[in-house]
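Okay, structure first, notes after.
Labels below follow one simple rule: chain letters A, B, ... track the order of the sequence lines, proteins then strands, and each chain is numbered from 1. Everything numeric in this text was worked out from a predicted model, so none of it was measured.
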Amino acid sequence: MSVRLKRDFFLKDIHIVAHQLVGKIIVRKFDAMKEERFRITEIEMYVGEMDLASHASKGRTKRTEVMYSCGGCVYVYLIYGMYWLLNIVTGKKDQAQAILVRGVEGIDGPGRIGQQLKLDKSFYGENLESSNRIWVEDDGMLCNYTLHPRINVEYAGDIWKNKLYRYKIEKAKL
DNA sequence: GCAGTGATACAA
DNA sequence: TGTATCACTGCG
């Protein structure tokens, strides 16, 4: 029995949402016939404007605008001209928190997830509570996870690049 | 180890 | 207008 997560799940502080999001299921409906499910195995937190690794550290721009809306929206952006990365906005309006989905079951790597889920700029700002093509479900599975530093954030300075903001599911629990 | 790739942000 | 940068991947 799988239940779609409502907006209030994402409105909590990012630290709470992140540890509850590990093991949840991303559902991507491609058309009437095709609907695929992916259990989240790895995520990273970007905790707000003060986080020097976050796009929001540069303030509000056209690209980061959706990070400033309240939780439950999708933030996608194109990186290196090739890959659409999937993020989920959390917290209250103007907190600028977002969680990068770095791995799901069967797909390792944020760029590959974007390819597999056929993401593009039209997903920018998509509402996870009401969308008919992408949402998140809870099937009740509880997962343990391990903490690690984030990847490719060398530019963020000693304090922020070393934060244990990457959550990885324990393989044994899958 | 590093090329490929193009939108974005900011300087000018 | 130009250009430096980039929350990555795949092929050496």
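Here the side chain of A:Ile79 is nearest to one of B:dT8, B:dG4, C:dC6, namely C:dC6. For A:Tyr83, the listed nucleotide lying nearest its side chain is C:dC8; candidates were B:dA9, C:dA7, C:dC8. Considering only the side chain of A:Tyr80, B:dG4 comes nearest among B:dG4, B:dA7, B:dA9. The side chain of A:Asn87 has C:dA7 as its nearest neighbour among B:dG4, C:dT9, C:dA7.
The OH atom of A:Tyr77 sits 13 Å away from the P atom of B:dT8 (whole-angstrom rounding). For the pair A:Ile151 CD1 and C:dC8 C1', the computed distance is 10 Å after rounding to whole Å. Rounded to an integer number of Å, the gap from A:Met82 CE to C:dA7 C1' is 15 Å. Rounded to whole Å, atom P of C:dA7 lies 13 Å from atom CG of A:Leu52. Distance, A:Trp84 CH2 to B:dA7 C1': 8 Å, rounded to whole Å. Rounding to whole angstrom units, OH of residue A:Tyr124 and P of B:dA7 are separated by 16 Å. Residue A:Leu78 contributes atom CG, which lies 17 Å from atom P of B:dG4 at whole-angstrom precision. One interatomic measurement links the two molecules: CZ of A:Arg60 to P of B:dC10, which rounds to 14 Å at whole-angstrom precision.
Counting non-hydrogen atoms under 4.0 angstrom, A:Gly111 reaches the backbone sugars and phosphates but no base. At a threshold of 4.0 angstrom between heavy atoms, the contacts of A:Arg112 are confined to the sugar-phosphate backbone, with no base atom among them. When heavy atoms are screened at a 4.0 angstrom cut-off, A:Leu100 is found touching base atoms of the nucleic acid.
A sub-4.0 Å separation between OP1 or OP2 of C:dA7 and a side-chain N or O of A:Asn152 is absent. Dashed line: the shortest gap from a side-chain N or O of A:Arg63 to OP1 or OP2 of C:dC6 is not under 4.0 Å.
Checking A:Asp13 against A:Gln95 by side-chain atom types alone, no donor-acceptor pair falls below 3.5 Å. Side-chain atoms of A:Glu105 and A:Thr41 include no donor-acceptor pair closer than 3.5 Å.
Summarising the base pairing, B:dT5 is matched to no nucleotide, lacking a Watson-Crick or G-U wobble pair whose two defining distances lie under 3.5 Å.
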Query raised in the report: What's the verdict on salt bridge (charged side-chain N to carboxylate O under 4.0 Å, His left out) for A:Lys6 and A:Asp138, showing C-alpha distance, side-chain angles and the deciding distance?
Result: CA-CA 10 Å; A:Lys6 297 228 192 311; A:Asp138 178 11; over 6 Å; no
Query raised in the report: Where do A:Lys161 and A:Arg150 land on the side-chain contact (heavy atoms from CB on, under 4.5 Å) test, with the steps shown first?
Result: CA-CA 7 Å; A:Lys161 81 180 186 201; A:Arg150 292 176 290 187; over 6 Å; no
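No donor-acceptor distance shorter than 3.5 angstrom exists from the side chain of A:Arg60 to the backbone of A:Glu65, with no hydrogens or angles considered.
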